[in-house]
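All values below come from the heavy atoms of this structure, side chains included, with hydrogens, waters and symmetry mates left out. Keep in mind it's a predicted model, so treat the numbers as computed, not measured.
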Amino acid sequence: MSSLETNQEYSKILEDNVKLTCKAVAVKLLASEEELPEGYDLIDEKVRHCEMIRKASYGEKFYSTIEQQSCLGGAGAIGLRDMPPKLASGEKYFELGRFKDLKTAKAATEKLSIIKERYWGIVYSPLDEATFKPDVVLIITEPVGGMKLAQTIVYSSGDKVRPNFAGIQSLCGDALANPFITGGVNFTLGCDGSRNAADIKDNEMTIGISGEKLEEFISNLQAI
């Protein structure tokens with residue numbers, strides 16, 4: 001099967017078995033312009049990465065370089081640039097009142113998931129329209145859908161799900177960078193940026209699945 005046919009099959013299995021609030025999103029990081037798949041146009045506005053995920057979840061497909069990313073922290077987390085120094089040091093989050101002191105803020109930011117390699121761009125697409133093998137698939141769903149996906153993970157592992165999130169850098173660090181780095185699955189409850197800018201609803205959460213884990217994940221989902 002082609003990548004598109006495989007992705008369409010996986011998308012249908014997800015839709016048939018999980019209560020989704022929108023389409024699953026496939027993303028692929030590009031080392032250079034030569035890796036850009038055919039049929040994807042440059043997004044025509046400058047917005048946050050989390051907003052791009054939301055757009056793709058509603059059916060849009062496109063690609064972005066660093067020039068179209070308005071959130072520098074998000075772009076840093078997904079490997080399009082270095083993290084801004086004030087974010088990397090924790091100073092920015094301390095100034096926002098998220099932590100009791102700078103030391104605590106620095107300890108937290110040092111644990112954030114950040115892709116260290118540098119990439120030229122990133123492709124966003126609904127999973128059922130993606131003509132490429134995804135690096136990560138992001139699923140936005142209600143908690144009941146998250147429960148079903150957690151059951152899917154433990155079906156073959158026998159181990160508990162151990163989400164890694166802190167309420168900051170959610171759709172960039174937690175849902176994309178973490179699965180990309182670990183080759184696994186991560187759950188996240190969102191952040192102020194994704195809920196305010198990208199309109200992630202109060203009743204929605206996000207799950208990121210690495211491309212290398214996707215086939216096993218879908219097989220488990222069919223089995224339970």
Without hydrogens or angle criteria, can the side chains of [X] and [Y] be said to hold a donor-acceptor pair below 3.5 Å?
X: Ser3; Y: Thr131; answer: no
X: Glu67; Y: Thr65; answer: no
X: Glu142; Y: Asn203; answer: yes
X: Thr152; Y: Asn220; answer: no
X: Glu204; Y: Thr141; answer: no

Go through it in stages, so that I can follow the logic: the residues are Thr188 and Thr206, the test is side-chain hydrogen bond (donor to acceptor under 3.5 Å, both in side chains), and I'd like the CA-CA distance, side-chain angles, deciding distance and then a yes or no. CA-CA 5 Å; Thr188 181; Thr206 306; over 6 Å; no
[X] vs [Y] side-chain heavy atoms within contact, under 4.5 Å:
X: Pro134; Y: Leu127; result: yes
X: Lys19; Y: Lys148; result: no
X: Tyr155; Y: Ile224; result: yes
X: Asp174; Y: Phe187; result: no
X: Tyr58; Y: Cys22; result: yes
X: Ile122; Y: Leu80; result: yes
X: Asn7; Y: Val137; result: no
X: Phe132; Y: Ser125; result: yes

Any side-chain to backbone donor/acceptor pair from [X] onto [Y]? Under 3.5 Å, distance only.
X: Ser194; Y: Gly190; answer: no
X: Gln222; Y: Ile13; answer: no
X: Ser64; Y: Leu42; answer: no
X: Ser57; Y: Arg54; answer: yes
X: Arg81; Y: Gly79; answer: no

Rounded to the nearest 0.5 Å, how far does CD1 of Ile200 lie from CG of Leu189? 12.0 Å
Shared hydrophobic cluster, [X] / [Y] (ILVMFWY, side-chain heavy atoms < 4.5 Å):
X: Met205; Y: Val154; result: yes
X: Leu72; Y: Ile115; result: no
X: Val18; Y: Leu214; result: yes
X: Met83; Y: Tyr119; result: no
X: Leu138; Y: Ile78; result: yes

Check whether more than 12 heavy atoms from other residues, nucleotides or ligands sit under 6.0 Å from atom [atom1] of [X], and answer yes or no.
X: Glu15; atom1: CD; answer: yes
X: Lys92; atom1: NZ; answer: no
X: Lys61; atom1: NZ; answer: yes

For the student: nearest non-hydrogen atoms of [X] and [Y], plus distance:
X: Pro37; Y: Val123; result: CD-CG2, 3.8 Å
X: Pro179; Y: Gly208; result: CG-O, 3.4 Å
X: Ala177; Y: Ser113; result: CB-O, 3.5 Å
X: Pro126; Y: Ala56; result: CG-O, 3.3 Å
X: Phe94; Y: Ala105; result: CB-CB, 4.0 Å
X: Tyr93; Y: Phe99; result: CB-CE1, 3.6 Å

Taking only Lys NZ, Arg NE, NH1 and NH2, and the carboxylate oxygens of Asp or Glu, determine whether Glu95 and Lys86 approach each other closer than 4.0 Å. yes
Could you tell me whether Lys12 and Glu9 make a salt bridge, using a distance below 4.0 angstrom between a side-chain N and a carboxylate O? no
Please say which of Asp192, Thr104, Thr109 ends up in a side chain to side chain donor-acceptor pair (under 3.5 Å) with Arg98. Asp192
Ser11 and Lys23: side chain to side chain contact (heavy atoms under 4.5 Å, CB included), yes or no, with the steps? CA-CA 8 Å; Ser11 181; Lys23 289 177 175 286; 5.9 Å; no
Using a side-chain heavy atom cutoff under 4.5 Å and only I, L, V, M, F, W and Y, what cluster partners does Met147 have? Val144
Sequence neighbours left out, cut at 3.5 Å: what donor-acceptor pairs do the side chains of residues 45-52 make with other protein atoms?
| from | atom 1 | to | atom 2 | distance (Å) |
| --- | --- | --- | --- | --- |
| Glu45 | OE2 | Lys55 | NZ | 2.8 |
| His49 | ND1 | Tyr124 | OH | 2.8 |
| His49 | NE2 | Leu171 | O | 3.0 |
| Glu51 | OE2 | Arg48 | N | 2.9 |

Quick one, Glu34 with Ser32, criterion side-chain hydrogen bond (donor to acceptor under 3.5 Å, both in side chains). Give me CA distance, side-chain angles, the key distance, then yes/no. CA-CA 5 Å; Glu34 287 68 36; Ser32 67; 3.1 Å; yes
